[in-house]
Asker: 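To start, I am sharing the structure in question, which I have written as structure tokens.
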Amino acid sequence: MMMGTREEVITEATTAPENMPEVMDDFELPEEVMLKISERPENLDKVASRVQKYDFKKKLNDFREGKKLLVLDIDYTLFDHKSCAERGEELMRPGLHEFLSVVYSEYDIVIWSATSMKWIEAKMAEI
């Protein structure tokens, strides 16, 4: 006794149907149709919505007129969490204070983190 798929079933499964609609290759769209992700209306709407709803937990100073905004992440940007240091001052990136002093003349600085506000305040107190 032989087992397996019959030849006519294989032929039917591997033959493309005749009534298929034309497939559009989206890699061949004209450049003017393709938008950068940052320019897509749905993404711009999401950003605008989040900016409107965002609740600043702690704002130390008002933004200064004419200054650009520099957003810095605590983890892995200001502090090196891959090190085996135990204290915050040991986790700080080399030259952090000098960097912050220099950029503050041109930028307002915002500290961001995905961690809790309690953790952010503890880390910032050590700077």
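The first residue of the sequence shown is numbered 1, and numbering continues consecutively from there. Keep in mind that the numbers below use all heavy atoms, side chains included, and drop hydrogens, waters and symmetry copies. All values derive from a computational prediction rather than experimental measurement.
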Asker: Do other residues, nucleotides or ligands put more than 12 heavy atoms under 6.0 Å from the CD atom of E106?
Answerer: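 Check fails, neighbour count at 12 or below.
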Asker: Verify, without hydrogens or angle tests, whether T11 (side chain) and E7 (backbone) share a donor-acceptor contact under 3.5 angstrom.
Answerer: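 It does hold such a pair.
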Asker: Measure the CZ-NZ distance between F63 and K68 for me, rounded to the nearest 0.5 Å.
Answerer: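 Between F63 CZ and K68 NZ, I get 15.5 Å after rounding to 0.5 Å.
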Asker: Quick check: is V102 connected to I109 through a chain of hydrophobic side chains (ILVMFWY, heavy atoms under 4.5 Å apart)?
Answerer: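 Looking at the clustering, V102 is in a separate group from I109.
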Asker: Can you tell me how far the CZ atom of R93 sits from the CG atom of L100, to the nearest 0.5 Å?
Answerer: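 Result: 13.0 Å between the selected atoms.
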Asker: Between V71 and I111, does the side chain to side chain contact (heavy atoms under 4.5 Å, CB included) criterion hold? Intermediate values first, please.
Answerer: CA-CA 6 Å; V71 180; I111 304 299; over 6 Å; no
Asker: When you look at CD1 of I37, are more than 12 heavy atoms from neighbouring residues, nucleotides or ligands closer to it than 6.0 Å?
Answerer: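 No, the 6.0 Å shell around CD1 holds no more than 12 heavy atoms from other groups.
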Asker: Within the structure provided, determine whether L96 and L78 are in side-chain contact (heavy-atom separation under 4.5 Å).
Answerer: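 Contact flag for L96/L78 side chains = yes.
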Asker: Take atom CD in E12; do more than 12 heavy atoms of anything else shown fall under 6.0 Å from it?
Answerer: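 Open.
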Asker: Using a 6.0 Å cut-off, check whether atom CD of Q52 has over 12 heavy atoms from anything other than its own residue.
Answerer: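 Count not over threshold, so no.
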Asker: Would you say the side chain of F79 lies within less than 4.5 Å of the side chain of D73, judging by non-hydrogen atoms?
Answerer: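 SC-SC contact between D73 and F79 ruled out.
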Asker: Can you check whether W112 reaches I74 side chain to side chain, under 4.5 Å on heavy atoms?
Answerer: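 Of all side-chain heavy-atom pairs linking I74 with W112, none is under 4.5 Å.
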Asker: Can you tell me if R64 uses its side chain to pair, donor with acceptor, with the backbone of Y107 under 3.5 Å?
Answerer: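 At least one qualifying donor-acceptor pair exists.
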Asker: Are any side-chain N or O atoms of K67 and backbone N or O atoms of Y104, one a donor and one an acceptor, separated by less than 3.5 Å?
Answerer: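 Between the backbone of Y104 and the side chain of K67 there is no qualifying donor-acceptor contact (under 3.5 Å).
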Asker: Is the shortest heavy-atom distance from the side chain of L70 to the side chain of D108 under 4.5 Å?
Answerer: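 Side-chain contact under 4.5 Å: no.
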Asker: Which heavy atom of D75 sits nearest a heavy atom of S113, and at what distance?
Answerer: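 Where D75 meets S113 most closely, the heavy atoms are OD2-OG, 3.3 Å.
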